[in-house]
S.K.: 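Starting off with a structure, shown below.
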Amino acid sequence: MLLRPPCLPRLSPRRLRPESPMASTLALLRPSAPSPLAGPSARSPAAAVRVPFRSRFSTRVTLGSAVAADADTLFADYKPTTAFLFPGQGAQAVGMGKESLNVGAAAELFAKANDILGYDLLNLCIDGPKEKLNSTMISQPAIYVTSLAAVEVLRAREEGQSVIDSVDVTCGLSLGEYTALAFAGAFSFEDGLKLVKLRGEAMQDASDAANSAMVSVIGLDSEKVQQLRDAANEDVDEKEKVQIANFLCPGNYAVSGGVKGIEAVEAKAKSFKARMTVRLAVAGAFHTSFMQPAVSRLESALAATEIRSPRIPVISNVDAQPHSDPETIKKILAQQVTSPVQWETTVMTLLGKGLEKSYELGPGKVIAGIIKRINKGASVENIGA
């Protein structure tokens, strides 16, 4: 779940503008197989050609190969220099995806998504309405596709392919972890979208089953927020208790739980010297035990999905570590919806290991803002679609 600063109608197909052939994200995500977008499209005459990914890790990881028993330590000593960062829910905004109309490979991703989702996603991203785009079931697929479309927008720019080839680590905030895994070749674009679709539906259903909420606490360090959480929990029943759901950056942490517990957090925040609290416009208490009903559905879907070892490190939200064993990745993704997001630790670890340059790909600029809060001197560039 991405914290954004207080910052289905009749869907008609959009006419896509042709352009010269380029490598598609599907080819990038599945380098061992021809791109399913390589042929003519009903939406765009643009054709896609495969460009092999050249990563410093490419000789160490072979997609689809058998994974050794100790393969989850493959990236234990990774040394990041250039990162792709992908946003999570809350980054969505009506109008996103417009640039995809001008880049055939990006537009093709939306066309492919339409077949999987059963509705015109690009139309909904560009025209809204806002209420539908903000729903958990719509916003998660929308951000996933728009973020991978941003990779294609970047590729179409001069020197864009060189930037993509230089990326040696990737991660995403909550939902964005799926986008990062797709970019790193752990699963196909299509399989990733199916997982994200189910994830959004399962989280919405879990939210509907309980009276829960989220609030952002501004101006306190993590220790103080934990003390505030404990104080709030003393005043409510077990089913209303709260926990820290997102460790975003110093002075910005999200607390999730029962509505009464959230109200207790809001009531006590001033006494702990918080600058403010902001109730978040989300369906429920994401990244807490309130999402437990979604776990079994995710586990079943993940078990049926082919997941490979990523070709570059993908940092997990659960433990801020890269994982290379497909079975471990499946377990981590299932745990993610009930586990706190360790974004602050992730960013601090990357910077501490020598990260030189980051790109935020997708809608919004929230991740860039978070990184700047952690390190004002960090280099972050936004690539939208």
S.K.: Measuring from atom CG of L124 to atom NZ of K130, what distance do you get when rounded to the nearest 0.5 angstrom?
M.R.: 14.0 Å
S.K.: Let me confirm one number: the CD-OG distance from Q321 to S316, rounded to the nearest 0.5 Å.
M.R.: 8.5 Å
S.K.: Give a yes-or-no answer on whether the side chains of S174 and R199 include a donor-acceptor pair shorter than 3.5 Å.
M.R.: yes
S.K.: Salt bridge (Lys or Arg N to Asp or Glu O under 4.0 Å) with R229: which residues, sequence neighbours excluded?
M.R.: none
S.K.: Would you call D235 and K268 a salt bridge, using N to O less than 4.0 angstrom?
M.R.: yes
S.K.: Atom CG of residue position D77 - does it have more than 12 heavy atoms of other residues, nucleotides or ligands inside 6.0 Å?
M.R.: no
S.K.: In terms of ring plane angle, is the pair F84 and Y359 parallel, tilted or perpendicular, where the classes change at 30° and 60°?
M.R.: perpendicular
S.K.: Got a second to check how far I262's CD1 is from T277's OG1, nearest 0.5 Å?
M.R.: 9.5 Å
S.K.: If you draw a 6.0 Å radius around NZ in K353, do more than 12 non-hydrogen atoms from other residues or ligands fall strictly inside?
M.R.: yes
S.K.: What is the distance from atom CD1 of I143 to atom CE of M96, rounded to the nearest 0.5 Å?
M.R.: 5.5 Å
S.K.: How about S216 and M276: do any of their side-chain heavy atoms sit closer than 4.5 Å?
M.R.: no
S.K.: Taking 4.0 angstrom as the limit, do E360 and K365 come out as a salt bridge?
M.R.: no
S.K.: What I'd like to find out is whether the side chain of F86 reaches to under 4.5 Å of the side chain of V151, using heavy atoms alone.
M.R.: yes
S.K.: Testing the 3.5 Å rule here: is there a donor-acceptor pair between the side chains of E344 and Y253?
M.R.: yes
S.K.: Of all the heavy-atom pairs spanning F187 and E306, show the shortest one and how long it is.
M.R.: CB-O, 3.7 Å
S.K.: Would you call R155 and E152 a salt bridge, using N to O less than 4.0 angstrom?
M.R.: yes
S.K.: Could you tell me whether a side-chain N or O of T345 sits under 3.5 Å from a main-chain N or O of A320, the two making a donor and an acceptor?
M.R.: no
S.K.: About how many Å separate CD of E201 and CE of M137, when rounded to the nearest 0.5 Å?
M.R.: 6.5 Å
S.K.: For this output row, return yes or no: ring centroids of F189 and Y144 closer than 6.0 angstrom.
M.R.: yes
S.K.: Return each pair, listed once, that meets side chain to side chain donor-acceptor pair (under 3.5 Å) where at least one residue sits in residues 290-300; pairs must be two or more places apart or across chains.
M.R.: D205-R297
S.K.: Indicate yes or no for a side-chain donor-acceptor contact from N246 to the backbone of V255 under 3.5 Å, with no hydrogens or angles considered.
M.R.: no
S.K.: Is S358 close to S379 at the side-chain level, that is, under 4.5 Å between some pair of heavy atoms?
M.R.: no
S.K.: Measuring from atom CD of Q342 to atom CD of Q336, what distance do you get when rounded to the nearest 0.5 angstrom?
M.R.: 11.5 Å
S.K.: Looking at T146 and C125, what are the two nearest heavy atoms and their distance?
M.R.: OG1-SG, 4.0 Å
S.K.: For K372, look at atom NZ and say whether over 12 heavy atoms of other residues, nucleotides or ligands are found less than 6.0 Å away.
M.R.: yes
S.K.: Going through the distances and angles, do K260 and E263 end up as a salt bridge (Lys or Arg N to Asp or Glu O under 4.0 Å)?
M.R.: CA-CA 5 Å; K260 290 183 179 179; E263 290 172 348; over 6 Å; no
S.K.: Would N317 and I332 count as a side-chain contact (heavy atoms from CB on, under 4.5 Å) here? Give the steps.
M.R.: CA-CA 9 Å; N317 282 254; I332 287 285; over 6 Å; no
